[in-house]
Amino acid sequence: MKAEDVKKIAVIGAGDMGHGITAAFLMGGFAVAMRDIEQEYVDRGVAGIKRSFDRFKSRGKLSEEACADALARLSTTVDLAEAVKEADFVIEAIPEKLELKQSVFADLDKHAPEKAILATNTSNISVTDIASATKRADRVIGYHFFNPAVLMKLVEVIRGDQSSDESIQLGYDLAKKIGKVPVVVQKDSPGFIYNRVNEPTLLLLSKILETGSPTPEEFDAAFKPIMPMAPFELMDYVGIDIAVHGLNYFADVVSEEYKPSPALEAYLESGNLGKKTGKGFYDWSEGRPQIDLSKATTEYDPNHLVALQLNEATKLLEEGVAEDAAQIDLAMASGGGAPIGPFALGEGIGYSVLLEKLEEIHKKFPLDIFKATKTFKDKAAGS
Ligand SMILES: NC(=O)c1ccc[n+]([C@@H]2O[C@H](COP(=O)([O-])OP(=O)(O)OC[C@H]3O[C@@H](n4cnc5c(N)ncnc54)[C@H](O)[C@@H]3O)[C@@H](O)[C@H]2O)c1
């Protein structure tokens with residue numbers, strides 16, 4: 001099947017990601033059937049789609065007619081078989097639990113047309129493990145959108161151990177058709193590209209917190225002038241629970257060194273999870289925190305974080321997770337944060353400058369994760 005043959009999309013799950021993915025495909029001109037387990041959740045998803053469309057309309061990015069046309073192509077149901085019976089491409093966006101995803105994939109395999117491709121929006125679970133619940137592992141792929149899916153450009157198209165080239169190509173082409181930036185992840189590897197490259201930064205923040213110095217505000221003040229959201233502020237914004245969960249996941253599947261520090265865990269235990277609870281590293285009760293730039297630490301600067309990203313990115317090359325440096329840069333630049341990726345930054349700043357920054361971090365926290373890779377060292381040596 002080719003992208004031009006795809007007429008009907010089914011989205012399983014109408015939560016944060018499911019409704020955003022549905023909205024993105026509706027805006028891309030597709031007919032979408034969206035399914036959740038209760039009518040109430042379906043209705044909430046539809047309300048979310050309408051809210052997004054209203055925002056686009058108010059900014060002049062969607063006309064009244066285009067909006068009506070998109071909504072006319074949406075159908076909703078609580079019945080899985082009904083949702084997928086004519087689908088060409090199915091995207092699952094249900095909670096991040098392996099057994100649940102496997103049981104839904106077994107049902108999808110039973111009810112979706114033989115030729116249909118089944119895609120999972122999992123953040124972390126192995127695509128291969130999910131695909132094993134079906135008899136069509138060649139037609140199962142990972143399809144990782146970013147939140148909010150209707151706006152964020154990056155879609156990681158992940159190759160499970162048995163995904164066929166044709167399935168990957170179809171996922172890639174469809175993402176392009178709806179105006180996204182697809183990047184193929186060549187290996188079913190923890191955190192895929194974007195989250196993996198960012199994880200060492202979270203680990204560094206977790207370790208700094210444990211030492212007590214610099215404080216989150218002193219640290220953030222050194223970054224705030226060039227970042228819309230400084231690192232600790234961002235962790236507060238996303239949720240400290242999400243950060244701890246991510247670190248624990250990486251500790252389980254990548255390296256024990258990722259284990260969150262007791263100082264970070266303490267936030268979880270106290271229930272101060274950041275913006276959503278009104279308090280985390282900062283007080284959010286009156287809106288976004290005011291960071292006092294005069295408190296900026298001189299111990300860390302943005303190049304330290306670029307160095308961490310670049311080092312992790314070189315591991316993805318060494319492990320064959322990404323095809324080349326350009327694909328990693330594309331993923332990092334489209335997933336949010338910096339306008340260009342770590343390799344382009346490396347070229348601009350100088351690999352040897354960044355290697356020194358990485359070595360400073362490694363000296364403070366002698367973890368293997370912070371150790372420079374051979375690729376990084378070779379680049380710094382100019383070879
Ligand atoms: N939220 C994010 O930032 C983000 C980003 C990328 C990927 N993801 C991944 O996307 C997936 C969904 O996350 P979310 O944030 O949208 O979760 P969510 O909790 O907002 O939504 C999940 C929805 O799935 C529904 N559901 C549960 N079982 C179902 C079933 N059998 N059939 C149909 N619907 C069912 C739930 O009722 C709920 O509405 C997860 O795998 C998550 O890891 C999340």
Side-chain angles (χ1 to χ4, degrees), residues 9-24 32-49 51-52 75-84 87 90-112 118-127 129-131 133 140-158 175 180 182-183 185 188 190-196 198-199 234-235 237-239 241-243 245-246 248-250 253 274-276 331 334-337:
I9 306 286
V11 177
I12 308 302
D16 285 345
M17 296 307 291
H19 90 259
I21 294 168
T22 300
V32 188
M34 183 174 75
R35 187 255 173 169
D36 208 302
I37 41 176
E38 302 278 349
Q39 190 59 41
E40 184 193 338
Y41 305 147
V42 170
D43 293 345
R44 207 184 298 158
V46 173
I49 294 170
R51 246 191 332 271
S52 296
S75 59
T76 59
T77 176
V78 291
D79 182 345
L80 180 134
E82 167 74 21
V84 302
V90 181
I91 303 157
E92 163 276 313
I94 66 169
E96 189 76 353
K97 294 194 182 104
L98 175 63
E99 297 73 28
L100 184 62
K101 288 197 193 278
Q102 282 181 327
S103 105
V104 165
F105 268 74
D107 286 345
L108 291 175
D109 195 29
K110 218 179 289 161
H111 297 289
L118 311 180
T120 171
N121 184 48
T122 179
S123 312
N124 283 318
I125 298 173
S126 148
V127 175
D129 287 351
I130 295 171
V140 177
I141 62 173
Y143 217 48
H144 188 212
F145 284 77
F146 289 73
N147 197 6
V150 70
L151 287 180
M152 299 300 285
K153 290 285 179 205
L154 177 61
V155 180
E156 293 179 325
V157 183
I158 302 131
K180 299 293 184 194
V183 170
V185 181
D188 192 7
F192 311 127
I193 295 176
Y194 188 84
N195 289 343
R196 167 89 181 267
N198 278 321
E199 206 62 26
L234 182 64
M235 210 197 308
Y237 182 82
V238 175
D241 53 332
I242 307 273
H245 183 77
N248 274 323
Y249 168 76
F250 271 75
V253 299
K275 180 174 181 267
K276 63 185 158 197
S334 323

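Both counts, for ligands and for their atoms, begin at 1 and track the order of listing.
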A.B. asks: Report yes if some heavy atom in the side chain of Val46 is under 4.5 Å from a heavy atom in the side chain of Met34; otherwise report no.
C.D. replies: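 Counting from C-beta outward, Val46 and Met34 do come under 4.5 Å.
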A.B. asks: Any nitrogen or oxygen of Asp16, main chain or side chain, under 3.5 Å from a nitrogen or oxygen of ligand 1?
C.D. replies: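 Yes, since at least one N or O of Asp16 sits under 3.5 Å from an N or O of ligand 1.
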A.B. asks: Suppose I only count heavy atoms of Ile12 and a 4.0 Å limit; which atoms of ligand 1 are within that range?
C.D. replies: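 With Ile12 as reference, the close atoms of ligand 1 come out as 32 (N), 33 (C).
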A.B. asks: Is the backbone of Ala175 close enough, under 3.5 Å, to the side chain of Tyr143 for a donor and an acceptor to pair up by distance?
C.D. replies: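 It does hold such a pair.
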A.B. asks: Strictly distance-based, threshold 3.5 Å: is any side-chain N or O of Glu96 a donor or acceptor partner for the main-chain N or O of Asn124?
C.D. replies: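 Present.
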A.B. asks: Among all protein non-hydrogen atoms, which one is nearest to atom 31 (N) of ligand 1, and what is the separation to 0.1 Å?
C.D. replies: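 I find the closest protein heavy atom is Val104 CG2, 3.4 Å.
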A.B. asks: Purely on distance, is any nitrogen or oxygen of Asn121 under 3.5 Å from one on ligand 1?
C.D. replies: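 Asn121 vs ligand 1: N/O contact under 3.5 Å present.
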A.B. asks: Does any part of the side chain of Leu100, heavy atoms only, come nearer than 4.5 Å to the side chain of Pro95, both counted from C-beta?
C.D. replies: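 Answer yes - side chains close enough.
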A.B. asks: Using side-chain heavy atoms (C-beta onward) and a distance below 4.5 Å, is Glu99 in contact with Ser103?
C.D. replies: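 A side-chain contact under 4.5 Å is absent here.
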A.B. asks: What residue and heavy atom of the protein are closest to atom 32 (N) of ligand 1, and at what distance?
C.D. replies: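 In this structure, atom 32 (N) of ligand 1 has Arg35 NH1, 2.7 Å as its nearest protein heavy atom.
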A.B. asks: Can you confirm whether Thr77 sits close enough to Val42 that some side-chain heavy atom of one is under 4.5 Å from a side-chain heavy atom of the other?
C.D. replies: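 With C-beta onward as the side chain, the pair stays apart.
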A.B. asks: Would you mind reporting whether Leu80 and Leu108 have side-chain heavy atoms less than 4.5 Å apart?
C.D. replies: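 They are in side-chain contact.
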A.B. asks: Show me which atoms of ligand 1 lie under 4.0 Å from any heavy atom of Lys101.
C.D. replies: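 It comes down to these atoms of ligand 1: 40 (C), 41 (O).
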A.B. asks: If you define the side chain from C-beta out and look only at heavy atoms, does anything of Asp241 sit under 4.5 Å from Lys276?
C.D. replies: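 Sidechains of Lys276 and Asp241: in contact.
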A.B. asks: Which is closest to atom 22 (C) of ligand 1 in terms of heavy atoms, Ser103, Gly239, Pro148, Ala93?
C.D. replies: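 Among Ser103, Gly239, Pro148, Ala93, the closest heavy atom to atom 22 (C) of ligand 1 comes from Ala93.
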A.B. asks: Would you check if His144 and Asn121 make a side-chain contact, meaning some heavy-atom pair closer than 4.5 Å?
C.D. replies: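 Yes, close enough: below the 4.5 Å cut-off.
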A.B. asks: If you count the atoms of ligand 1 from 1 in the order shown, which ones are under 4.0 Å from a heavy atom of Gly15?
C.D. replies: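 Heavy-atom distances to Gly15 below 4.0 Å select 16 (O), 20 (O), 21 (O), 23 (C), 39 (O).
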A.B. asks: Which residue supplies the protein heavy atom nearest to atom 6 (C) of ligand 1, what is that atom called, and how far is it?
C.D. replies: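 Looking at atom 6 (C) of ligand 1, the protein heavy atom closest to it is Phe145 O, 3.2 Å.
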A.B. asks: If you scan the protein for heavy atoms around atom 20 (O) of ligand 1, do you find one that is closer than 4.0 Å?
C.D. replies: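 Within 4.0 Å of atom 20 (O) of ligand 1, protein heavy atoms are found.
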A.B. asks: Which residue and non-hydrogen atom of the protein lie closest to atom 37 (O) of ligand 1, and at what distance in Å?
C.D. replies: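 I find the closest protein heavy atom is Asp36 OD1, 2.7 Å.
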A.B. asks: Would you call Ile21 and Ile9 a side-chain contact if the rule is heavy atoms closer than 4.5 Å?
C.D. replies: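 Not in contact.
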A.B. asks: How about atom 16 (O) of ligand 1: does it have a protein heavy atom within less than 4.0 Å?
C.D. replies: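 Protein heavy atom within 4.0 Å of atom 16 (O) of ligand 1: present.
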A.B. asks: Among all protein heavy atoms in this structure, tell me which lies nearest to atom 13 (O) of ligand 1, with the distance rounded to 0.1 Å.
C.D. replies: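 Here the closest protein heavy atom is Met17 CG, 3.9 Å.
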A.B. asks: Which residue owns the protein heavy atom closest to atom 1 (N) of ligand 1, what's the atom, and how far is it?
C.D. replies: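 Heavy-atom neighbour on the protein nearest atom 1 (N) of ligand 1: Asn147 ND2, 3.7 Å.
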A.B. asks: I'd like to know if the side chain of Lys101 reaches the main chain of Ala131, judged simply by a donor and an acceptor atom lying under 3.5 Å from each other, with no hydrogens or angles considered.
C.D. replies: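 It does not hold such a pair.
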A.B. asks: May I ask you to identify the nearest protein heavy atom to atom 42 (C) of ligand 1, giving residue, atom name and distance to one decimal place in Å?
C.D. replies: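 Looking at atom 42 (C) of ligand 1, the protein heavy atom closest to it is Ser123 OG, 3.5 Å.
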A.B. asks: How far is atom 35 (C) of ligand 1 from its nearest protein heavy atom, and which residue and atom is that?
C.D. replies: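 Nearest protein contact, heavy atoms only, for atom 35 (C) of ligand 1 is Ile94 CG2, 3.5 Å.
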A.B. asks: With heavy atoms of His144 as the reference, note each atom of ligand 1 found under 4.0 Å away.
C.D. replies: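 Selected atoms, number and element: 6 (C), 7 (C).
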A.B. asks: Under a 4.0 angstrom heavy-atom cut-off, which atoms of ligand 1 come close to Gly13?
C.D. replies: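 Per the distance check, 24 (O), 33 (C), 34 (N).
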